[in-house]
Amino acid sequence: MSEKTSIAFQTKCVHAGNGIDKETGAIRRPLIMANSYRLPEDASTLNWSDADQLLYTRNTSANQRYLQEKLAALEGGEDCVVLATGVAALAGVFFTFLDKSAHVVCSNVSYIAVYRLLQEYFPDKYDIETTLVDTADPEQVKDAIRPNTRLIHIETPGNPTTRVTDIAAISRIAKEAGALLTVDSTFASPYLQQPLTLGADLVIHSLTKYINGHGDAMGGAVIGRKELVDKIKRQAMVNLGGAISPFNAWMIMRGVVTLPLRMRQHSESALKIAQFLENSPAVAFIAYPGLASHPQHEIAKKQMSMFSGVIAFGLKADVATHNQFVNALALIVPAVSIGHDESLMVYTGPTDERNHFYPAEFQNGHLRFSVGLEDADDIIADLKQAFKICGLY
């Protein structure tokens with residue numbers, strides 16, 4: 001299906017990248033578990049690192065190509081590269097576009113792998129420096145720019161604080177500085193937020209989360225202009241070996257079909273649950289972009305259609321009671337990750353290595369709560385019974 005066809009997002013979720021299998025007539029793309037593809041009669045002129053020709057599955061696979069077509073259509077990008085995990089996608093971007101002695105401006109609260117890549121590995125190995133700032137404040141981003149700033153990387157909403165950054169405002173700063181703006185939009189998914197339309201150069205997703213949506217496959221994606229994506233394919237996929245497996249690509253392709261339905265349910269339930277938590281005497285603080293009390297609520301309303309399914313909150317309790325609360329939950333599963341069909345919760349205590357960057361209320365520990373697809377009233381009932389067990393309700 002042509003990307004230029006004027007069709008709704010949910011229709012693209014079903015049809016983009018899909019087609020009739022020529023051999024069997026199947027109306028869904030088949031899973032093609034092949035390591036190699038038949039070469040043309042004259043292979044002497046082939047580029048063996050070509051990421052767009054079906055040669056070898058480390059270069060690309062048929063299922064990967066179908067998924068890339070679908071995701072590019074959903075984000076409104078020219079091209080997409082799909083890799084093995086979300087971290088592979090992030091590392092691939094940094095590896096491709098950061099040269100020795102480059103400078104990066106990055107959200108000071110971000111996914112732990114981003115923090116380690118930019119604060120530990122890249123400085124030690126490549127002399128790349130990173131300035132961490134609160135990207136919700138564009139002035140901090142502007143003040144951090146240096147002559148050798150090559151990249152501004154933001155997460156919005158941010159992990160785990162749900163901090164929201166004004167993508168359009170940061171895009172203007174990046175363009176003035178001649179730097180690329182990369183946006184990790186995993187918490188929002190393409191259904192709730194479109195960073196490329198707001199001026200981002202590249203949008204990054206952990207496909208493992210909302211886009212797959214079933215907690216059973218891993219992948220990462222980078223979407224944007226073809227010239228940029230081509231560089232990532234050549235440098236970070238083919239020659240670093242970060243290719244996604246055909247099976248995971250096929251599984252995620254299946255998951256995307258229901259993305260709009262799931263994101264509406266996640267968002268509607270999360271707002272109801274966040275309102276309950278905000279009014280609970282057991283809760284010390286809560287951060288959810290859909291609440292008027294969220295510091296960036298107005299920005300979230302401007303650039304998101306709904307507010308997704310991740311809530312951060314803390315209890316009026318010590319570390320032991322936070323752990324007791326999580327273990328008292330009967331429906332909500334104590335586990336990492338977000339965007340699954342089941343609700344997930346993880347407690348991060350005050351010893352987190354990024355703790356000094358968190359807002360003050362987070363620094364005594366916090367709970368990251370990924371609201372699943374269960375009935376919101378059932379989730380609230382589970383929270384209530386756990387509060388009671390802990391003597392908080």
Side-chain angles (χ1 to χ4, degrees), residues 1 3 5-21 26-31 63-77 80 82 85-86 89 157 184-195 203-221 223 244-273 290 304-311 331-333 335 337-344 369-379:
M1 175 165 288
E3 293 180 14
T5 304
S6 181
I7 57 174
F9 184 95
Q10 63 194 56
T11 305
K12 291 178 184 177
C13 284
V14 175
H15 290 283
N18 203 16
I20 306 300
D21 181 50
I27 63 170
R28 184 154 318 263
R29 295 291 194 188
L31 171 60
N63 293 104
Q64 178 180 338
R65 287 170 58 171
Y66 304 148
L67 180 57
Q68 288 172 170
E69 181 183 341
K70 185 181 285 288
L71 295 176
L74 296 186
E75 282 286 4
C80 170
V82 171
T85 65
D184 187 330
S185 192
T186 296
F187 270 36
S189 86
Y191 183 62
L192 303 184
Q193 183 172 271
Q194 300 274 315
V203 57
I204 303 164
H205 289 281
S206 171
L207 303 177
T208 312
K209 312 301 194 299
Y210 283 116
I211 290 177
N212 177 54
H214 293 76
D216 54 12
M218 299 189 79
I223 304 130
I244 194 170
S245 77
F247 182 65
N248 280 353
W250 183 85
M251 291 280 280
I252 295 166
M253 187 87 167
R254 170 222 57 181
V256 178
V257 172
T258 58
L259 179 65
L261 305 175
R262 290 185 285 103
M263 294 312 298
R264 288 198 293 268
Q265 178 73 18
H266 286 303
S267 298
E268 289 170 2
S269 293
L271 180 58
K272 183 174 182 178
I273 293 162
M304 299 177 72
S305 59
M306 299 178 81
F307 304 105
S308 197
V310 181
I311 300 169
L331 187 70
I332 301 163
V333 181
S337 202
I338 66 165
H340 290 206
D341 46 348
E342 69 266 78
S343 293
L344 308 174
F369 181 16
S370 174
V371 175
L373 300 177
E374 305 95 342
D375 184 88
D377 289 335
D378 289 335
I379 297 173

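These numbers come from a predicted model, not from an experiment.
- Put simply, the residue from Asn248, Leu67, Thr186 that forms a side chain to side chain contact (heavy atoms under 4.5 Å, CB included) with Leu207 is Leu67.
- Taking 4.5 Å as the limit, every side-chain heavy atom of Tyr66 sits out of range of all side-chain heavy atoms of Asn18.
- Looking at Gln10, its side chain never comes within 3.5 Å of a backbone N or O of Pro260 through a donor-acceptor pair.
- Taking the side-chain hydrogen bond (donor to acceptor under 3.5 Å, both in side chains) definition, one finds that Ser370 meets it with nothing, sequence neighbours left out.
- To the nearest 0.5 Å, the span separating CE on Met306 from CG on Leu271 amounts to 8.0 Å.
- With sequence neighbours excluded, no residue forms a side-chain hydrogen bond (donor to acceptor under 3.5 Å, both in side chains) with Asn63.
- At least one side-chain heavy atom of His205 sits under 4.5 Å from a side-chain heavy atom of Ser185.
- With hydrogens and angles disregarded, no donor-acceptor distance shorter than 3.5 Å links the side chain of Gln265 to the backbone of Leu261.
- When side chains are defined from C-beta on, Val310 does not count as touching Pro157, because their heavy atoms never get closer than 4.5 Å.
- Between the side chain of Trp250 and the main chain of Ser245, no donor-acceptor pair closer than 3.5 Å is present.
- Glu342 has its side chain within reach of Glu374: a pair of non-hydrogen atoms, C-beta onward, lies under 4.5 Å apart.
- Nearest heavy atom pair, residue Ala376 against residue Lys272, reads CB-CD, 3.9 Å.
- Under the 4.5 Å side-chain criterion, counting only non-hydrogen atoms from C-beta, Ile311 is in contact with Ile273.
- Here the side chains of Glu75 and Pro195 are in contact, with some heavy-atom distance below 4.5 Å.
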Original post:
Given the rule in the side chain to side chain contact (heavy atoms under 4.5 Å, CB included) test, do Tyr210 and Ser308 qualify, once you have shown the distances and angles that lead to the verdict?
Top reply: CA-CA 9 Å; Tyr210 283 116; Ser308 197; 3.4 Å; yes
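- Here Val257 pairs with Val14, Arg28 under the side chain to side chain contact (heavy atoms under 4.5 Å, CB included) rule; sequence neighbours left out.
- Taking all atoms of both residues into account, the shortest heavy-atom contact from Asn212 to Met251 is OD1-O, 3.6 Å.
- Using a 4.5 Å heavy-atom cutoff, the side chains of Ile252 and Ile244 are in contact.
- Note on residues 248-264: pairs passing salt bridge (charged side-chain N to carboxylate O under 4.0 Å, His left out), not counting sequence neighbours, are Asp216-Arg254.
- Side-chain contact between Ser267 and Phe307 is absent, with no heavy atoms from C-beta onward closer than 4.5 Å.
- From His214, atom NE2 reaches atom OG1 of Thr208 across 14.0 Å, with rounding to the nearest 0.5 Å.
- Expressed to the nearest 0.5 Å, how far OG1 of Thr85 lies from CE of Met218 amounts to 6.0 Å.
- For Ser337, the side chain to side chain contact (heavy atoms under 4.5 Å, CB included) partners are Lys209, His340, Leu344, not counting sequence neighbours.
- Considering only residues two or more places apart in sequence or on other chains, Ile332 meets the side chain to side chain contact (heavy atoms under 4.5 Å, CB included) condition with Leu329, Ser343, Met345, Phe369, Ile379, Asp382, Leu383.
- Here the closest non-hydrogen pair linking Leu259 and Ile211 is CD1-CA, 4.2 Å.
- The backbone N or O of Gly17 lies less than 3.5 Å from no partner atom in the side chain of Lys70, so there is not a single donor-acceptor pair.
- Listed here is the closest heavy atom pair of Leu74 and Phe9: O-CE1, 3.6 Å.
- Between His266 and Val371, the shortest heavy-atom contact is ND1-O, 2.7 Å.
- Minimum interatomic distance between Ile223 and Cys80 (heavy atoms only, all atoms of both residues): CG1-SG, 3.7 Å.
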